[in-house]
There are 2 protein chains.
Amino acid sequence: MNKAERLFQLVLLLRSRRTAMTAEAIAETMGVSVRTVYRDVQALSLSGIPIEGEPGVGYMIRAANHLPPLIFTPDELQALLVGNRMVQAFTDQDLAKGARSAELKIRSILTDHLKQHAEQQPYRIPILESDDGLREVHGKLRRACEQRRKVRAIYLDEKQEKSERTIWPLGMIGWTGKWTLLAWCELRHAYRNFRFDRFEALDLLEENFRTTSDISIAHYLQSVVGMRDPG
Amino acid sequence: MNKAERLFQLVLLLRSRRTAMTAEAIAETMGVSVRTVYRDVQALSLSGIPIEGEPGVGYMIRAANHLPPLIFTPDELQALLVGNRMVQAFTDQDLAKGARSAELKIRSILTDHLKQHAEQQPYRIPILESDDGLREVHGKLRRACEQRRKVRAIYLDEKQEKSERTIWPLGMIGWTGKWTLLAWCELRHAYRNFRFDRFEALDLLEENFRTTSDISIAHYLQSVVGMRDPG
DNA sequence: GAAGACAGTGTCAGAACCTGTCAGTAGTGT
DNA sequence: ACACTACTGACAGGTTCTGACACTGTCTTC
């Protein structure tokens, strides 16, 4: 049996049971090594199939019938589709890819009636290749934020003055037409905002940082802007 | 992309459409040769997925239920959430409402693992009340586009000259930081682009218009911009 | 708190499988 | 008979997949 067929069978196998199944048991049923089962589980997981394992218990797939089926209203669908296009145009390559595959998944569960709706979109959001440089910056900063990695950056400020510093990227703020990074500046020991389009160079360092109650988006919004963080 | 993943994508792709798709079109979307598409179709068919082809028409899949329970990957989820926030900030009130309720529905089906992901968002997209005027314009134009209603508009052009005209709103184009309306101008008998922030007044008329092969977004993109409409 | 069991990951070489190419076939319309 | 489309067969070379084995991290037992 080849891999594709085996993955398909694995989904059927797990879905047909109410109890979990250990990797070893799966290996035996499928006639492959345990190592291969681990790889198969990972493959399914990466495709977004909600397969979950627990040590000592085994793997199972969450039964679909315990969930409310996802049914969107036309406005909800429209919002998702428009949002997805904005992401493709205004963020980074990886997120754009995520947006595309999320859209495929959403479209695949629509009723015919809604599919029709989805097809006649008045929205067009051009994806400009000239923004590819910005997309790269965006991607790097997103990774840095998510992994809480410090960043060494060369930045050009409003006065056209170049500076090199180490910053802790806390959050990415979307304004109409531009993104800024909220970061903690090690040099100044203070919050600073950086426009994405003013970075001359960016290096993700190996070193991590820790957000504290004194250094975080919520704290910045509270103490500097004077508003509660909506999350 | 490996075969297993591609087969999964193929199922989603076919399920996401109302109409059949030729092997050649599939090959192009997937980035593989046509021969491989034929093999993939056969593989799915052998696994018992009801995929059917008709010469000259293409392939399609009957009935659902063959889809494994579907959930999003972290990147897909991130894309949906960011997109939703952009919609709330940069479109109109109704669509924003749609975005919020869509988000609730999506969150309700997430696994614990994904919920955690969803909570630690680095993105913040402020919703500025000062844009409420723009939101109203946006909402009116969206309704006009969707219902294909003619619009009587007072518009201030680049030279600060005011004009009143009847237009057929065809599409809403999202640029970095601004929206423009592509419309057919009854006065000039030509396509015109209007910035949302330059409308002084907007009245949705009772009268409808009909898009034709000579007056449509696709035709505009083809004949004026010189590109194919991505849809 | 050391030893051991258990679940899962990293790596590697050889085997198996997959892909594109190209030639060929069946069916259909002219 | 010819052209055309949709599809299949065969094959070489390139990729990927698999199992073996060492290894990590966690939890349990004594």
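- Distance alone, capped at 3.5 Å, is enough to place a donor-acceptor pair between the A/Asp92 side chain and the A/Leu95 backbone.
- When ring centroids are compared, B/Tyr123 and A/Trp179 come within the 6.0 Å threshold.
- Atom OH of A/Tyr59 and atom C1' of C/dA7 are 7 Å apart (whole Å).
- B/Gly56 comes within 4.0 angstrom of the backbone, heavy atoms only, and of no base.
- Rounded to whole Å, atom C1' of C/dC18 lies 12 Å from atom CG of B/Leu7.
- Formation of a donor-acceptor pair under 3.5 Å by the B/Lys105 side chain with backbone atoms of A/Ile71 is found in this model.
- For the segment residues 28-52 of chain A, the set of residues with a heavy atom within less than 4.0 Å of an atom of DNA chain D comprises A/Val32, A/Ser33, A/Arg35, A/Thr36, A/Arg39, in numerical order.
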Practice prompt. Would you check, one step at a time, whether the test side-chain hydrogen bond (donor to acceptor under 3.5 Å, both in side chains) holds for A/Thr166 with A/Arg152?
Written response: CA-CA 4 Å; A/Thr166 302; A/Arg152 188 80 189 159; 2.7 Å; yes
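- A donor-acceptor contact shorter than 3.5 Å links the side chain of A/Asn84 to the backbone of A/Ala99.
- Take the nearest nucleotide of DNA chain C for A/Lys3 and for A/Gly58: the residue whose nucleotide is more 5' is A/Gly58.
- Between B/Asn2 and the phosphate of D/dT15, there is no side-chain N or O to OP1/OP2 separation shorter than 4.0 Å.
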Item to complete: Evaluate side-chain hydrogen bond (donor to acceptor under 3.5 Å, both in side chains) for A/Gln121 paired with A/Gln78, printing each intermediate quantity in order.
Response: CA-CA 8 Å; A/Gln121 276 268 358; A/Gln78 180 73 296; 2.8 Å; yes
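- Spacing between atom CE of A/Met1 and atom P of D/dC17 amounts to 16 Å, rounded to whole angstrom units.
- Distance CD (A/Glu24) to C1' (C/dG8): 13 Å, rounded to an integer number of Å.
- Remark: B/Arg6 is in phosphate contact with C/dT19, judged by side-chain N or O atoms under 4.0 Å from OP1 or OP2.
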